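Working notes, beginning with the structure itself.
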2 protein chains.
Amino acid sequence: MITQAEIDEFVLNGARIYIPHVSLDCAIFGYHEQQLKLLLIKHKAVDGWCLPGGYIKRTEKLADAAARNVKERTGVDGLFLQQFKTFGDPNRVKFEEIDEQLWYRIMGVKITKDNWLIDQTISVGFYAITDFSRTVLEPGFLAVECAWFDIDALPKLEFDHDEMVREALHTMRIQLYHYPIGYNMLPGKFTLSEIHALYQTMLGKKLDVSNFTKKLIALGLLKKLDEKRSIGAHRSPHLYSFVKERYEEALNEGIVLS
Amino acid sequence: MITQAEIDEFVLNGARIYIPHVSLDCAIFGYHEQQLKLLLIKHKAVDGWCLPGGYIKRTEKLADAAARNVKERTGVDGLFLQQFKTFGDPNRVKFEEIDEQLWYRIMGVKITKDNWLIDQTISVGFYAITDFSRTVLEPGFLAVECAWFDIDALPKLEFDHDEMVREALHTMRIQLYHYPIGYNMLPGKFTLSEIHALYQTMLGKKLDVSNFTKKLIALGLLKKLDEKRSIGAHRSPHLYSFVKERYEEALNEGIVLS
DNA sequence: CCAAAAGTGTTAAACTTACACCCATGT
DNA sequence: ACATGGGTGTAAGTTTAACACTTTTGG
C-alpha cells in the first residue's frame, strides 16, 4: 500500500529521485495458447488506455528502470526486454489539456503548471515478452486498471502510444527472425508443436512445421530430451529444451530464421 | 559569430529553449576513397575527444534535432540519419569532476552546481553517413576543434562515447546488409567499382565483385546509363545510377544483401 | 604486346519450399 | 480401424560462393 504522504512526495518532489523530462514506455507482449496479447493500463488522470510506463531513477540504468517497471506491473522478472526506439515529438503528449481540478480530486494533491510531471518529456520505448498466464497484474498507484488485450483488438491508445505499439510489434517481429527469443515464454521443457505455435502466433503467420523444426535443430538451439509427454489422445510428443550456451551465443551473434 | 551575451543566455537560460536532461550524440561516418572516418569534436570545457552532440529544442522533433546538429557541424543536410540506441547509465558522464574555475575562464560565465548543463542527462544516439570530402567542418561555439579520424585509429573518447561508437558501427554494418544505404555517399552517377569499394570499406571486409554487383542489379537498385567514364588508363567503366523508386521502396521494406 | 582494370560466365554446394508420407495412440 | 496429431523424407527450385575467363585500353 502507498500513503497519501508518499503520493504527495512523488508529485511534488519526484524530480529529486527521478530524472525529469525523460520517461519510458513498455510494450509487454503476452503469449498463451496461440494468443498474442498486449498489456495496457488506464491511468487515474487519463481517460483511455496507455502503455505501462514510468520514470527512471537517478541512480538507475535505463534497462534496469525498464525491468523494474515490467516487474511492478506483471510480477515477472528476467524476461526478454529490448529497447526499440526513443520518441521525442514535441506534440506526443498534450499537457495543456490537463485539468488541474480533476487532478486534485484524483491525486489528493495540487499540481501547478511548472510541475515536473507535466513538462515536456521524451520517452524511451522498450518491448518485453512473457507468458501471460504466469503474470499477476498490478496497476500501481497511478492507475486504476490494467489488463491484457488481444493484439488484433486493441482500443485506440492515448498520446503517441499507437505508434509505439506499431514500432514495437515491427521490431519484435524482425528480431524474432534474428534472435531465438522464446526462452521466457516457454517452460523449461516443451514440445516442437509448442514452439512452432509460439512463433506462428508471434509472427502472425503460418510456418511449415517440418522446415521450421528442422532449422531450429540444425542451428543447434534445441536439445531432444529422453522424455515424452502423454497429454490426452494420440501419440505422445518428445520434449525439448533450449541448449543454453548455444542460445546465449545466438542472442549475441544473431541467426537467420528463414 | 556568437556573442558573449548569447553564450550567457545559453548557459543560464538554455533550459527554457532546450529540453534539459536529454541530449543527443551523433556518430557521423565519412567515406572517401576507400577510407572510413568518424567525425570527432574537442569541447572547450573537456580535455579530450567526443562525438558531436547537442540538445533538443522544445519545439523540435528528435530526428530534426539530430539533422540540425549534423548540419551545424558538417554543413551537409538530407543525409542518411538513423537513431540507434539511447544511453542512460547514471555514470555515463561524471559531472562531479567539473572544474568551475576552468569553466568560468573558458565560457566567460559562472556555472553553479544546479545549472541545467551539468545535471544528469540521458542521450539519444544517432548515426549518419556522408562523403567527407563534401563537408565543411565547423566546431561551433562550444568546441575548439573538430576533425575526421580514421576508424581504425580513433583516440580514446570521453564519457561513454567509446561504447556509442561501437554500437553505432555495429548497427550501421547490420543495416548495410538490410538497406541500400549509399545514396548520400556516391555522386548521382558512379561505377560498379565505386559502389563495390564503398561497401567493402563500410563493412571492413572483402566482397566478391562479381557476386556483389550481380546482386545489386538483380534487386533492381541500379540502372545502367548510356555513358562511360574514361579516367586514366585501361577500359572505361560504365556509369550507373540508383533507381530512385526502387531505392525508396527498399529502404522501407528492407533487402537482403548476402 | 602486355599489364591492369572492367566485366561476364560457370559450377558445386547449400539452403528453401512445398508437400507427401509414415507412425503411434486412444477411442 | 481410423482419425488425429507427431514426426520424417525428398525432390525441385533458388541462392550463394568461389573462381576462371574474356574484353578493353593506354603505354
Side-chain angles (χ1 to χ4, degrees), chain A residues 33-34 173-174 176-178 180 186-187 189-201 203 205-242 246 250 253-258, chain B residues 33-34 173-174 176-178 180 186-187 189-201 203-242 250 253-258:
Chain A
E33 286 178 358
Q34 265 129 126
R173 286 184 168 161
I174 299 260
L176 214 55
Y177 283 112
H178 296 283
L186 290 168
K189 301 166 182 181
F190 48 85
T191 69
L192 291 182
S193 300
E194 282 164 357
I195 193 171
H196 175 238
L198 169 68
Y199 269 77
Q200 283 201 157
T201 305
L203 292 173
K205 69 180 195 185
K206 292 259 176 290
L207 297 170
D208 186 281
V209 201
S210 166
N211 298 331
F212 175 78
T213 54
K214 244 184 287 175
K215 186 88 195 218
L216 279 185
I217 291 166
L219 286 167
L221 286 168
L222 298 186
K223 182 170 56 203
K224 195 179 206 159
L225 302 175
D226 280 341
E227 296 176 64
K228 292 192 179 191
R229 174 185 299 169
S230 46
I231 20 94
H234 316 300
R235 194 175 176 185
S236 22
H238 276 101
L239 288 174
Y240 288 75
S241 69
F242 281 106
R246 187 69 191 88
E253 287 173 13
I255 56 171
V256 180
L257 233 183
S258 160
Chain B
E33 285 177 357
Q34 264 127 127
R173 286 183 169 162
I174 299 259
L176 214 54
Y177 283 111
H178 296 283
L186 290 168
K189 302 167 181 182
F190 49 84
T191 69
L192 292 181
S193 298
E194 283 164 356
I195 194 172
H196 176 237
L198 169 69
Y199 269 78
Q200 283 201 157
T201 306
L203 292 173
K205 69 180 195 187
K206 292 260 177 289
L207 298 170
D208 186 279
V209 200
S210 168
N211 298 330
F212 174 78
T213 54
K214 243 182 291 177
K215 186 91 196 214
L216 279 186
I217 290 165
L219 286 168
L221 286 169
L222 298 185
K223 179 171 56 204
K224 196 179 205 160
L225 303 175
D226 280 339
E227 296 176 65
K228 293 191 177 193
R229 175 184 296 168
S230 47
I231 20 93
H234 316 300
R235 191 176 176 179
S236 19
H238 276 100
L239 288 174
Y240 288 75
S241 68
F242 282 106
E253 288 172 13
I255 56 171
V256 180
L257 234 184
S258 158

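Letters A, B, ... mirror the listed sequences (proteins, then strands); counts begin at 1. What you see is a predicted model, and the numbers here were worked out from it, not measured in a lab.
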Rounded to whole Å, the NE2-C1' distance (A/His196 to D/dG6) equals 12 Å
Gap separating the CG atom of A/Leu225 from the OG atom of A/Ser241, nearest 0.5 angstrom:
4.5 Å
Apply the test side-chain contact (heavy atoms from CB on, under 4.5 Å) to residues A/Leu257 and A/Lys215: give CA-CA distance (whole Å), side-chain angles for both, the deciding distance (0.1 Å), then the verdict.
CA-CA 7 Å; A/Leu257 233 183; A/Lys215 186 88 195 218; 4.1 Å; yes
Rounded distance (Å) that lies between atom P of C/dG7 and atom CG of B/Leu192
5 Å
Starting from the C-alpha separation in whole Å, work towards a yes-or-no answer on salt bridge (charged side-chain N to carboxylate O under 4.0 Å, His left out) for B/Glu194 and B/Arg229.
CA-CA 12 Å; B/Glu194 283 164 356; B/Arg229 175 184 296 168; 2.3 Å; yes
Please check if the side chain of B/His196 supplies one atom and the backbone of B/Thr213 the other of a donor-acceptor pair under 3.5 Å.
no
When the distance from OH of B/Tyr177 to P of D/dT15 is rounded to whole Å, what number comes out?
19 Å
Between C/dA6 atom P and B/Leu225 atom CG, what is the distance in whole Å?
16 Å
Side-chain contact check for A/Ser236: nearest option of D/dT25, D/dC19, C/dT25 is C/dT25
Checking only heavy atoms, does the side chain of A/Ser210 share a donor-acceptor pair with the base of D/dG9 at less than 3.5 Å?
yes
Specify the closest pair of heavy atoms between A/Gln34 and A/Thr201, including all atoms of both residues, with the distance to one decimal.
CA-OG1, 3.4 Å
Is it the case that the ring center of A/Tyr240 lies less than 6.0 angstrom away from the ring center of A/Phe190?
no
Calculate the interatomic distance between B/Leu207 atom CG and D/dA18 atom P; express it in whole Å.
11 Å
When only distance counts, do a donor and an acceptor, one from the side chain of B/Arg235 and one from the base of C/dA5, lie under 3.5 Å apart?
no
Can you tell me the distance, in whole Å, between the NZ atom of B/Lys224 and the P atom of C/dA6?
14 Å
Spacing of NZ belonging to B/Lys189 relative to NZ belonging to B/Lys228, to within rounding of 0.5 Å:
15.0 Å
Between residues 211-220 of chain B and DNA chain C, which residues have a heavy-atom gap below 4.0 Å?
B/Lys214
Between B/Lys228 (NZ) and D/dG26 (P), how many Å, whole number?
11 Å
In this structure, how many angstroms lie between the C1' atom of C/dA5 and the CD atom of B/Glu194, rounded?
13 Å
Determine: side-chain N/O of A/His238 to OP1/OP2 of D/dG7, distance under 4.0 Å, yes or no.
yes
